There are 2 protein chains.
Amino acid sequence: MIKGHVKLADIAKAAGVSQGTASNVFSRPEVVREEVRERVLGIAKDLGYNGPDIKGRLLRAGRVNAIGVAAIEPLAYFFEDPWARALMTQVAAVCDATGTGIALVSAQNQQKLAWNINSALVDGFILLCVEGGEQLVALTRRRQLPFIALALGDGDAAIPAIGLGNIAGAAQAARHLADLGHRRFAILAIGLTGDGAGAMTPEQAVRSLKFTSRDRALGYWQALADFGVGRADVPIHATQNDRQSVDAALETLFAAARPPTAILAMSDRIALFAMQWLARRGYAVPDDVSVIGFDGVPEAATAVPGLTTMAQPLAEIACRAVAAILDDAAPAQQEALDVTLIVRGSTAPPPPD
Amino acid sequence: MIKGHVKLADIAKAAGVSQGTASNVFSRPEVVREEVRERVLGIAKDLGYNGPDIKGRLLRAGRVNAIGVAAIEPLAYFFEDPWARALMTQVAAVCDATGTGIALVSAQNQQKLAWNINSALVDGFILLCVEGGEQLVALTRRRQLPFIALALGDGDAAIPAIGLGNIAGAAQAARHLADLGHRRFAILAIGLTGDGAGAMTPEQAVRSLKFTSRDRALGYWQALADFGVGRADVPIHATQNDRQSVDAALETLFAAARPPTAILAMSDRIALFAMQWLARRGYAVPDDVSVIGFDGVPEAATAVPGLTTMAQPLAEIACRAVAAILDDAAPAQQEALDVTLIVRGSTAPPPPD
DNA sequence: ATCCTTTCTTGAATCGATTCAATAAAAAGC
DNA sequence: GCTTTTTATTGAATCGATTCAAGAAAGGAT
């Protein structure tokens, strides 16, 4: 019994039954006579056979019972990025309930990603399209498996996706601050990595920001316009959703003659970095500066002070996404879910001028 | 070209070449004449064939290029628990570098877990043995794939595992606090879920705590003995590594006549919950009470005040674990890695009595 | 005793590729 | 011109199971 992989056929031969019967012993035990079943099982144990090999079974059955979650990011992204983490937590919960496994698929560069997507053993994909979403979609489409895109933005309606009411949500965020009395705003946007981060004009923003980011910017502007604040009056800085670029943006913003009293951050991650920068520089949040985020990640709740944010219905998103894959029933049309304002301690009326 | 899955054989027939050649076109293009290769590729494109199906390839190759990470916890554990997260981040980094995928395997109950482990499409397993480790190991062993256990404690030497110097580390933690002048301690241990949490005598602790937890307790006691503090003088409470049980333990501890001035927590998670409880109750950390954790998760660094803790060499652990799986070279003997003391703001001399 | 059911069991086909010994064709060497 | 080497291609075996039509055996009914 050294090694020499025992396979089903060996068991069958040793037990003197056909391979078909041997197979039934394991996959449909009720169909085979008890006496035979026990004999086969006994032989299997003697030979050190531990049930059908998954690879063989897979080839026939064609079902893996796992869904892939893909992103154009390093693998660690799934465990580090707050939004990804929060989303994955929900996805995991749904998968747990349905007994489905999760395979993480990712790669920083195109080429590797293509390979990874093609060779992932999964029944379908959930695509985290934070950046370069179309490429991810194109790659996945070739695999001819069910998939659903998340955070894709206003893309092609032919792409199965679960969208978000980004414009309405951003508008609500801006309105919340404006209602509190703020009139001096700054927007911290999420730009593509590689694109130089930094200040941009509204025109540049409309042109260079993608999907989600652009929608959020439009939402902010739209609401602020109602309060007489024009686009040109709101500095907008692209960041790379990391600390360094956020810090750099804030350096610039707060070096200005009349720095903003309210910061509209396009992600909680950015907002939290911003709050930390403000704390380091001695600005009090919310007394000196109000900060509002976007996403509704758990960290926003535990930060001090709590971060006011627009929460995504992550549980709902996860639920629909997983269901879409498992039932191969992508939503007929791209549905947009609403985000909801959660007011915490990071927003308050502006200081007296 | 509706559906009717095209397979390699179809391409071969359509192109008038043998199946072997068709296979080579995709997997070893350099071996087939350019003219033929292009023709076959052309036909493949026409027929809507996107390269070899992974399942068929898998059956032959036998290699999945993914490693499974398993735990007896719900799937969400990987994204929620700070230690798991920190570890996974490192594992992900190593996998990224080697182009390996990650499959998450988990289940709360035994039965499902057995099924999940048996049907996971992976080349090997990393086992997160926080609890019920032996069962996990037993289950995995049957799969006859390389595996390595993490956080298994002093188990069977025949089990490939990467251990931790828990006793020495815990001793160092306790010594750190004793050196600062503390003499009134309390231990917050990690008990098995299901076991009633709560106060326990040292004898009970030795008996009921498992592996890691027991070693850490032994380490604490050992160091404290050098300072004249006996086991019986150190209340030890089992928690379930969740907020509720930590809060309950602290309620009891601080209701005592002479509450502890130093808390030895067996995980950063517990320590952070404890710090939050203390803050809510108006105890200042570290002025009234010092807290030291264990694990060295990232959250410990960003908490306010920073949490003093014993850091695990997670990167090293991840690196060795992944290597062990990929090379099928489990360490000859169970190696134990050292943890290192990281002093932050949560520990200070005790208040004057 | 005959025929009809039921209940197991069999053997072969199938899933979708890879691999390798054998062969055919072309190029090189003398 | 004939042999040797090189290069491309073929065909069949293989990976490890599942599935299903068909056959055999046992039990029941008449």
Side-chain angles (χ1 to χ4, degrees), chain A residues 3-41 43-44 47-65 115 118-123 143-145, chain B residues 3-41 43-44 47-65 115 118-123 143-145:
Chain A
K3 188 72 182 284
H5 263 7
V6 252
K7 49 187 181 182
L8 191 57
D10 300 331
I11 306 296
K13 198 174 297 174
V17 299
S18 79
Q19 201 176 145
T21 300
S23 174
N24 284 336
V25 168
F26 293 100
S27 351
R28 302 142 85 197
E30 73 284 358
V31 86
V32 49
R33 198 151 41 101
E34 180 167 349
E35 182 196 324
V36 177
R37 194 191 333 152
E38 298 210 332
R39 180 157 50 89
V40 174
L41 284 175
I43 301 239
L47 266 54
Y49 180 78
N50 288 308
D53 180 279
I54 180 71
K55 299 194 290 269
R57 170 197 299 250
L58 168 64
L59 183 56
R60 287 283 321 181
R63 207 155 196 300
V64 187
N65 240 277
W115 166 266
N118 278 326
S119 60
L121 282 157
V122 296
D123 297 320
R143 186 70 197 276
Q144 305 197 146
L145 284 178
Chain B
K3 187 73 180 284
H5 263 6
V6 253
K7 49 185 178 182
L8 191 56
D10 300 332
I11 306 297
K13 198 174 298 174
V17 299
S18 80
Q19 202 176 145
T21 300
S23 175
N24 284 337
V25 168
F26 294 99
S27 357
R28 303 143 84 198
E30 73 282 1
V31 85
V32 49
R33 195 151 42 101
E34 179 167 351
E35 180 195 325
V36 176
R37 191 188 337 150
E38 298 212 330
R39 182 157 47 90
V40 173
L41 284 174
I43 301 241
L47 264 56
Y49 181 78
N50 287 310
D53 180 279
I54 181 71
K55 298 194 291 268
R57 168 198 302 249
L58 168 64
L59 183 56
R60 287 285 319 187
R63 210 154 194 300
V64 188
N65 241 276
W115 166 266
N118 277 326
S119 60
L121 283 156
V122 296
D123 296 321
R143 186 69 198 275
Q144 305 196 147
L145 284 179

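Worth saying up front: this structure is predicted, and the values here are computed from it rather than measured. Letters A, B, ... mirror the listed sequences (proteins, then strands); counts begin at 1.
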How about A/Y49 and A/L8: do any of their side-chain heavy atoms sit closer than 4.5 Å? yes
Between C/dT9 atom C1' and A/R28 atom CZ, what is the distance in whole Å? 12 Å
A/R28 and side chain to side chain contact (heavy atoms under 4.5 Å, CB included): which single residue from A/V32, A/V25, A/N24 fits? A/N24
[X] (side chain) donor-acceptor with [Y] (main chain) under 3.5 angstrom:
X	Y	answer
B/D123	B/R63	no
B/N118	B/W115	no
B/R143	B/A120	yes

Would you tell me if any nitrogen or oxygen in the side chain of A/R33 comes within less than 4.0 Å of OP1 or OP2 on C/dT7? no
For nucleotides 10-17 of chain C, 5' to 3', base contacts (B), sugar-phosphate-only contacts (S) and non-contacts (-) with protein non-hydrogen atoms under 4.0 Å give BB--BBBB
